[in-house]
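Counting begins at 1 with the first residue of the sequence. Just so you know, ligand 1 is whichever comes first in the structure, and atom 1 is the first atom listed for that ligand.
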Amino acid sequence: MTATFDTDRMAAVIYGSEKLASRRREISAAVSRIPELHDSRPLPFMDRLEKVTEMTRKLAALNKHLPDIIDPNDYEEGLHLYHEVMGMEGHPLALHEVMFIPGLIGQGSDEQYEKWLGRARRREIIGCYAQTELGHGSNLRSLETTASYDPSTREFIIHTPQITALKWWPGALGKSSNYAIVVANLIIRDRNLGPHPFMVQLRDEETHRPLQGITVGDIGPKMAFNGGDNGFLGFDNYRIPLGNLLNRHARVEEDGIYVKPPHAKVGHSAMIRVRSHMATGQAWLLAHSLIIAVRYSAVRRQGFLEDKTREVKILDYQTQQYRLFPSIARAYAFIFCGFETIRLYDQLILDVNKHGNTSGMADLHALTSGLKSVVTYQTGEGIEQARMACGGHGYSMASYISEIYGVAIGGCTYEGENMVMLLQLARYLVKSVELIKNGKSKELGPMVAYLAEPDTQEKTPLELKDYVKLFQMMSKRQSWKATERYLKLVEGGVSRDVAWNKTAVELTRASRLHTRLYIMETFIRRVSSIEDMNLRMVLRDLVNVHVNYELLDCGIYLHDVSLLDSIKNQLYSSLHSLRPNALSLLDSFQFSDIQLRSVLGRRDGHVYENLFEWAKSSPLNVSDVLPSVDRYLRPMMEKAKL
Ligand SMILES: CC/C=C\C/C=C\C/C=C\C/C=C/C(=O)SCCNC(=O)CCNC(=O)[C@H](O)C(C)(C)COP(=O)(O)OP(=O)(O)OC[C@H]1O[C@@H](n2cnc3c(N)ncnc32)[C@H](O)[C@@H]1OP(=O)(O)O
Ligand SMILES: Cc1cc2nc3c(=O)[nH]c(=O)nc-3n(C[C@H](O)[C@H](O)[C@H](O)COP(=O)(O)OP(=O)(O)OC[C@H]3O[C@@H](n4cnc5c(N)ncnc54)[C@H](O)[C@@H]3O)c2cc1C
């Protein structure tokens, strides 16, 4: 089926500019011509040590070829080159670019930029972000690692008081990094001033051996990300200079006087940055899995519809479209949300670092807390549906979808576990409803203004804006219902903490609905701004699928049952009208076969030949008879014959 739009022009929408979309194609082409940048053999056939070694080999090769392929100062080009060559399973520099450098930028002073930022950018040193501990990850107030100031030597003494204080999980901490931004409780004259970021050297720059007073290693295999190490880290009264407190916002003078930051949470910028980028990163992972599933569904024939002479393509089944197309819509919607949150983060960092203006922090924290939670969960759902839609071959590592799932679903946990972050957004919603109840609607932020709007009446036929209004009212009602449930308990004498916990499920439901409304409105706003009519038409089809699916998926309650039927009919007809463009909407992401790493999703569509070649290359097929058969099975069978 011929698409109704130009996929290169759609790629420019996805990546934000024709220039970047074009450079991505050039970079992919360059990589395809350099074999040492390719996986030396299929990653699924490697054990953990082989995989970590392979990633390190490719990283060194990438560093060598990088100046010939991209502009080293162009972040977007670098990101694509890394995705193309390094893939998604982790590597020694994975957290260096994503958290260590952004953490330095967000927390380091200009002097500290001089000392470390250039070295980090030139990759003279490798860093990570070490905050989570064996005993605590969500509750930062209870982190146990200490950094006690010694004015006599003008040093901080970093210490791990007990096993639960061991840093545990940080990416690239165990074996790759020789530096870390360590989050530790700042202690001055026995006063605990809470978590602060410290620059800590972990390993000798020449030998890469751990320094005296440092215990560090890998935490072992994980569900995914096994191409990289995650680490544990312990300190035994490890001394660092006063100048290693990253002090753009909070300072300690030589005599121990503490200068507090302009906002209690300004030290959390590295987390906010990752959360601000996660909508984009997750959208790409979702799109990876969908390209594989939709390409395969356009090739795989199974069963009959009207024509009994030839089996039908499984992509023509309505159930296949229903399990895949709403996720295509979400992938685009998440991309557009990502543009927003990245722009908001970049603005916030400028406001805070240049002007000390922290006024945007609360809104962005609330937005990214909800967005990372909803996006990661829905991405996981979508990838699982994509896997299942491919039947048995989806379950094979040849599809690579289970690896994509394992990487993506980690996002439900890292950067703040989803439940915890939904409750952070709920604090913001409850405060907003209380403002309205206290007659202060004028103080509401733009993202919550709808909470003060009167209910609208249901009516048919409906235009798109009416559907959005229906969703908006559903979200508003949930925020009000959860808030009033919480306040009723408090007014009844229950403590705020207990009342909060007794309302938590309803509060998280309000956060999800509020976030899904934001995603829907952002999607519609971005599509409406697209000038190319062909692009806008097909994206409107996606919007129609999205809005109708969201209303049904969120269990919209309507007095008028015929209205519910009209929403369902709109959804099914949107799925049907999307069918001719589904594959091109995903091809527009322009992921190469090298980056997809999926035998099932290869562009050539020769699924069966490719699967057979891949299977034959499995290590188990090196010999016709496995040594274990000779050693155990054959004697067992011989014995049974006696
Ligand atoms: C490019 C990216 C793409 C792909 C990623 C690829 C690879 C990355 C792989 C892994 C990286 C993973 C890294 C990590 O996981 S790093 C560790 C992450 N850890 C967390 O996120 C911890 C989560 N917990 C917290 O953030 C805090 O404990 C929490 C905010 C939940 C609670 O803090 P606290 O108890 O101190 O505050 P509260 O009492 O709840 O709230 C007080 C008040 O402060 C406001 N607040 C809290 N945080 C912030 C913030 N960051 N910014 C602004 N405001 C904040 C909060 O809303 C309250 O306000 P109010 O209601 O007005 O009192
Ligand atoms: C792939 C991966 C990479 C990571 N990379 C890093 C890194 O680079 N640097 C780093 O510092 N950390 C990293 N982490 C750690 C990650 O940030 C933590 O796992 C995360 O913050 C959750 O903390 P936790 O694991 O201690 O779970 P806990 O905080 O113990 O939470 C466990 C469960 O308890 C419940 N819960 C906890 N608190 C609440 C609450 N207040 N209300 C309701 N329910 C609650 C939730 O269901 C939660 O899932 C990584 C983790 C993973 C999986």
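Taking a distance limit of 4.0 Å, we find that atom 15 (C) of ligand 2 is approached by some protein heavy atom. In this structure, atom 34 (O) of ligand 2 is not in close contact with the protein, since no protein heavy atom lies within 4.0 Å of it. For atom 46 (C) of ligand 2, a protein non-hydrogen atom is found at a distance below 4.0 Å. Protein heavy atoms all stay at least 4.0 Å away from atom 25 (O) of ligand 2. For atom 6 (C) of ligand 2, the protein comes within 4.0 Å by at least one heavy atom. Remark: atom 30 (O) of ligand 2 lies closer than 4.0 Å to no protein heavy atom.
Of the options Ala130, Ser138, Ala279, Pro102, the smallest heavy-atom separation from atom 27 (C) of ligand 1 is shown by Ser138. Closest heavy-atom approach to atom 62 (O) of ligand 1 among the candidates Met271, Lys431, Met88, Met361: Lys431.
By the 3.5 Å distance cut-off applied to N or O atoms, Thr132 is not counted among the residues near ligand 1. Here's the thing with Tyr129: one of its N/O atoms is less than 3.5 angstrom from an N/O atom of ligand 2. Among the atoms of His263, none of the N or O lies under 3.5 angstrom from an N or O of ligand 1. Residue Lys265 has at least one nitrogen or oxygen atom sitting less than 3.5 Å from a nitrogen or oxygen atom of ligand 1, judged on distance alone. Between Tyr414 and ligand 2, no pair of N/O atoms sits closer than 3.5 Å. For ligand 2, none of its N or O atoms has an N or O atom of Pro170 under 3.5 Å away. Polar contact with ligand 2: absent for Asn139 (N/O pair, distance under 3.5 Å). For ligand 2, the polar-atom distance check finds no N/O of His136 at less than 3.5 Å from any of the ligand's N/O atoms. Distances between N or O atoms of Phe225 and those of ligand 1 include no value under 3.5 Å.
Contact annotation for Leu173 and ligand 2: no heavy atom of the residue comes within less than 4.0 Å of the ligand. Counting heavy atoms under 4.0 Å from ligand 1, residue Met278 does not touch it at all. The proximity of Asn230 to ligand 2, defined as any non-hydrogen pair under 4.0 Å, is limited to the side chain.
Heavy-atom proximity to Leu95, at under 4.0 Å, picks out these atoms of ligand 1: 11 (C). Under a 4.0 Å criterion applied to the non-hydrogen atoms of Ile272, ligand 1 contributes the atoms 51 (N). The Val420 neighbourhood of ligand 1 comprises atoms 31 (C), with distances under 4.0 Å to a heavy atom of that residue. Close approach of ligand 2 to Val420 is summarised as follows: ligand atoms under 4.0 Å from at least one heavy atom of the residue are 37 (C), 38 (N), 39 (C), 40 (C), 45 (C). Near His277, with a cut-off below 4.0 Å to any heavy atom, the atoms of ligand 1 are 1 (C), 2 (C). Remark: ligand 1 atoms within the under-4.0 Å shell around heavy atoms of Gln131 are 17 (C), 18 (C), 19 (N), 20 (C), 22 (C). Of all atoms in ligand 1, listed by their number and element, those nearer than 4.0 Å to a heavy atom of His268 are 48 (N), 51 (N). Below 4.0 Å from some heavy atom of Gly137 lie the following atoms of ligand 1, by number and element: 22 (C). The atoms of ligand 1 that sit less than 4.0 Å from any heavy atom of Met99 are 13 (C), 16 (S).
Taking the six-membered ring wherever Trp is involved, the centroid distance between the rings of His159 and Tyr238 does not fall below 6.0 Å. Aromatic ring centres of Phe589 and Tyr332 lie closer together than 6.0 Å.
Cation-pi geometry between Arg24 and Tyr15 is met: the NZ or CZ atom falls under 6.0 Å from the ring centre, inside 45° of the normal.
A donor-acceptor contact shorter than 3.5 Å links the side chain of Arg597 to the backbone of Ile594. Judged by distance alone, the side chain of Thr164 and the main-chain N or O of Gly135 form no donor-acceptor pair under 3.5 Å. One N or O on the side chain of Glu133 and one on the backbone of Thr145 form a donor-acceptor pair closer than 3.5 Å.
Salt bridge Asp39/Arg57: absent, no basic N to carboxylate O contact under 4.0 Å. Between Arg526 and Glu340, none of the side-chain N atoms (NZ, or NE/NH1/NH2) sits under 4.0 Å from a carboxylate O, so this pair counts as no salt bridge. No salt bridge links Lys51 with Glu54; every basic N to acidic carboxylate O contact stays at or beyond 4.0 Å. Electrostatic pairing of Glu434 and Lys431 does not count as a salt bridge here, judged by no charged N lying under 4.0 Å from a carboxylate O. The pair Glu415-Lys372 fails the salt-bridge criterion, with no side-chain N (NZ, NE, NH1 or NH2) lying under 4.0 Å from an Asp/Glu carboxylate O.
Residue pairs meeting the side chain to side chain donor-acceptor pair (under 3.5 Å) criterion with at least one member in residues 91-101, sequence neighbours excluded, are Glu97-Arg123.
Ligand 2 has at least one atom lying under 4.0 Å from a heavy atom of Gly137.
What sits closest to atom 21 (O) of ligand 1 on the protein, heavy atoms only, is Arg275 NH2, 2.7 Å. Arg427 NE, 2.9 Å is the protein heavy atom nearest to atom 61 (O) of ligand 1.
Annotation: the span from Leu140 atom CG to His136 atom NE2 amounts to 10.0 Å, rounded to 0.5 Å.
Side chains of Pro262 and His249 form a contact here, defined as non-hydrogen atoms less than 4.5 Å apart.
For His277, the side-chain contact (heavy atoms from CB on, under 4.5 Å) partners at least two apart in sequence or on another chain are Tyr75, Arg273, Ile342.
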